[in-house]
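Keep in mind the model is a prediction, meaning the values are calculated, not measured. Position 1 is the first residue of the sequence; numbering continues from there. Counting convention: from 1, in listed order, for ligands and their atoms alike.
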Amino acid sequence: MSAGIRLEQASVVLTGAAGGIGAPTARLLAAAGARLLLVGRDAARLEALARELDPAARVEGDAGGAGGREGARVDWCAVDLTTPQGVEAVRMMALARRANVLINNAGIASFGRLTALGEAHVAQVIATNLLAPLLLTQALLPGLLERPQAAVLHVGSALGRLGLPGFSAYSAAKFGLLGFSEALRRELAGGPVRVQYLGPRVTETGFNAPEVLAYNQTTGAGSDTAQAVAEALVAQLRDGSAERFLGFPEKLAVRLNGLIPAAMDGAFKAHRLALPAP
Ligand SMILES: NC(=O)c1ccc[n+]([C@@H]2O[C@H](COP(=O)([O-])OP(=O)(O)OC[C@H]3O[C@@H](n4cnc5c(N)ncnc54)[C@H](OP(=O)(O)O)[C@@H]3O)[C@@H](O)[C@H]2O)c1
């Protein structure tokens, strides 16, 4: 199998591109010379970022259409990835741009006791954080397999290997994404497509609601800047490594949890107590 991705020759599809981690990632990838398709729901934010990175980027309503203006290194696609139409629109634009990298970064937050989470919210968390990246990967894979060197990188979470009180639905999705990533990596071994999983710890973006910030403060969770996570993501694309978790002691906790999960159960009383009252 090939080594990591050569970014100067890459054509990247980045979901959640205008978000906290997405935007610095897009800037680093553009600076490295990659072509970019920025994906998210908020057209105005995507367009502003696209035009910051490439003044030739398509403007809404121009004749550029799928694939953008000829020569534009950056284009954008405003879609809801939880819909079949959204996935299909990205697939068409990715094919036109001969994409060889998919970064599944879009996601939504979820926090609270399971009994306090609405049914529709739980369904949306699984649809956005697990089903959408799975179906988008499935849709783009035939095109990726035609490239000499390709990668699918999932932005998971430390909570994709370590379940904490208050994150049952979120962890269900992020653990699922890790299982998907591992199985697909083994399925595609020996071919041109690398499958990678990045597990950030708490990251300083607008993602986390005030009650999560309070919980993190009470439990002493460490955090990273979005820029640091973006740099780790780009480094992982370059080195081709399969799985990476960020931060210490999170890395240690993730590793121990994989080896001796039941023995770890007693370590989270403070987290349980830090949950909002039922
Ligand atoms: N921040 C953290 O503490 C943290 C820690 C570990 C892992 N992560 C993971 O890192 C990733 C990025 O998080 P972030 O902190 O950058 O959050 P963010 O700023 O909220 O960005 C998330 C992005 O996902 C996009 N998105 C959400 N639902 C979508 C949908 N249905 N269709 C298309 N796009 C959708 C949003 O785009 P629009 O705004 O355009 O809708 C948004 O730009 C997520 O997968 C998250 O789970 C975050």
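The shortest separation from a heavy atom of Thr15 to ligand 1 is not under 4.0 Å, leaving the residue out of contact. Heavy atoms of Val79 come nearer than 4.0 angstrom to ligand 1 in at least one pair. Glu204 does not count as a contact of ligand 1, since none of its heavy atoms falls under 4.0 Å from the ligand. Between Ala109 and ligand 1 there is no heavy-atom distance shorter than 4.0 Å.
Between the choices Gly107, Pro200, Gly156, the shortest heavy-atom distance to atom 9 (C) of ligand 1 belongs to Gly156. In this comparison of Leu159, Leu198, Asn104, Thr203, the heavy atom closest to atom 2 (C) of ligand 1 sits on Thr203.
Under 4.0 angstrom from ligand 1, the non-hydrogen atoms of Arg45 all belong to its side chain. Contacts between Thr128 and ligand 1 below 4.0 angstrom, taking non-hydrogen atoms only, involve the side chain exclusively.
For a threshold of 3.5 Å applied to N or O pairs, the pair formed by Gly20 and ligand 1 contains at least one separation below that value. Taking distance alone, with nitrogen or oxygen atoms compared against 3.5 Å, Ser157 stays at or beyond that limit from ligand 1. Any N or O atom pair closer than 3.5 Å counts here, and Leu81 shares at least one such pair with ligand 1.
In this structure, the side chains of Thr25 and Asn105 stay at 4.5 Å or more apart for every pair of heavy atoms. Taking the side chain as every heavy atom from C-beta outward, Glu243 and Leu178 approach each other to under 4.5 Å. By the 4.5 Å heavy-atom criterion applied to side chains, Val12 and Ile103 are counted as neighbours. A 4.5 Å side-chain heavy-atom check between Asp224 and Pro200 finds every atom pair outside the cut-off. Annotation: side chain of Val155 is not in contact with side chain of Thr15 (no heavy-atom distance under 4.5 Å). Between Leu117 and Ser110, some side-chain heavy-atom pair lies under the 4.5 Å cut-off. No side-chain heavy atom of Lys174 sits under 4.5 Å from any side-chain heavy atom of Phe167. Side-chain contact between Arg27 and Leu49: present, with at least one pair of heavy atoms (C-beta onward) separated by less than 4.5 Å.
Near Val202, the atoms of ligand 1 lying under 4.0 angstrom from a non-hydrogen atom of the residue are 3 (O). Close approach of ligand 1 to Asp42 (heavy-atom distance below 4.0 Å) involves ligand atoms 38 (P), 40 (O). Every atom of ligand 1 with a heavy atom of Val155 under 4.0 Å away is listed here by number and element: 9 (C), 10 (O), 11 (C), 45 (O). Within ligand 1, counting atoms from 1 as listed, the ones closer than 4.0 Å to a heavy atom of Ala106 are 24 (O), 25 (C), 26 (N), 34 (N), 35 (C), 45 (O). Near Asn208, with a cut-off below 4.0 Å to any heavy atom, the atoms of ligand 1 are 1 (N), 2 (C), 3 (O). Residue contact check: Thr205 has heavy atoms under 4.0 Å from atoms 1 (N), 14 (P), 15 (O) of ligand 1. Which parts of ligand 1 touch Thr82 is read off a 4.0 Å heavy-atom cut-off, strictly below it: atoms 31 (N).
For atom 8 (N) of ligand 1, the closest heavy atom belonging to the protein is Tyr170 OH, 3.7 Å. Looking from atom 21 (O) of ligand 1 to the surrounding protein, the closest heavy atom is Gly19 CA, 3.6 Å. In terms of protein heavy-atom proximity, atom 37 (O) of ligand 1 is closest to Arg41 N, 4.0 Å. Of all protein heavy atoms, the one closest to atom 17 (O) of ligand 1 is Phe207 CD1, 3.1 Å. In this structure, atom 16 (O) of ligand 1 lies nearest to the protein heavy atom Ile21 N, 2.8 Å. Looking from atom 23 (C) of ligand 1 to the surrounding protein, the closest heavy atom is Gly16 CA, 3.6 Å. Here the protein heavy atom with the shortest distance to atom 11 (C) of ligand 1 is Asn105 O, 3.0 Å. The nearest protein atom to atom 31 (N) of ligand 1, hydrogens excluded, is given as Asp80 OD1, 2.9 Å; this is a heavy-atom distance.
A donor-acceptor contact closer than 3.5 angstrom is absent between the side chains of Asn216 and Ser223.
A perpendicular orientation is assigned to the rings of Tyr215 and Phe111, their planes being inclined by more than 60° (bins at 30° and 60°).
In this structure, CG in Leu153 is found 8.5 Å from OG in Ser241, a value given to the nearest 0.5 Å. Between the OG atom in Ser168 and the CG atom in Leu159 there is a gap of 11.0 Å [rounded to 0.5 Å].
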Stepwise side-chain contact (heavy atoms from CB on, under 4.5 Å) test for Asn104 and Leu177
CA-CA 10 Å; Asn104 280 315; Leu177 195 59; 5.7 Å; no
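With hydrogens and angles disregarded, a donor-acceptor distance shorter than 3.5 Å links the side chain of Asp54 to the backbone of Arg73.
Of the options Leu14, Leu198, Thr205, a side-chain contact (heavy atoms from CB on, under 4.5 Å) to Ile21 is made by Thr205 and by none of the others.
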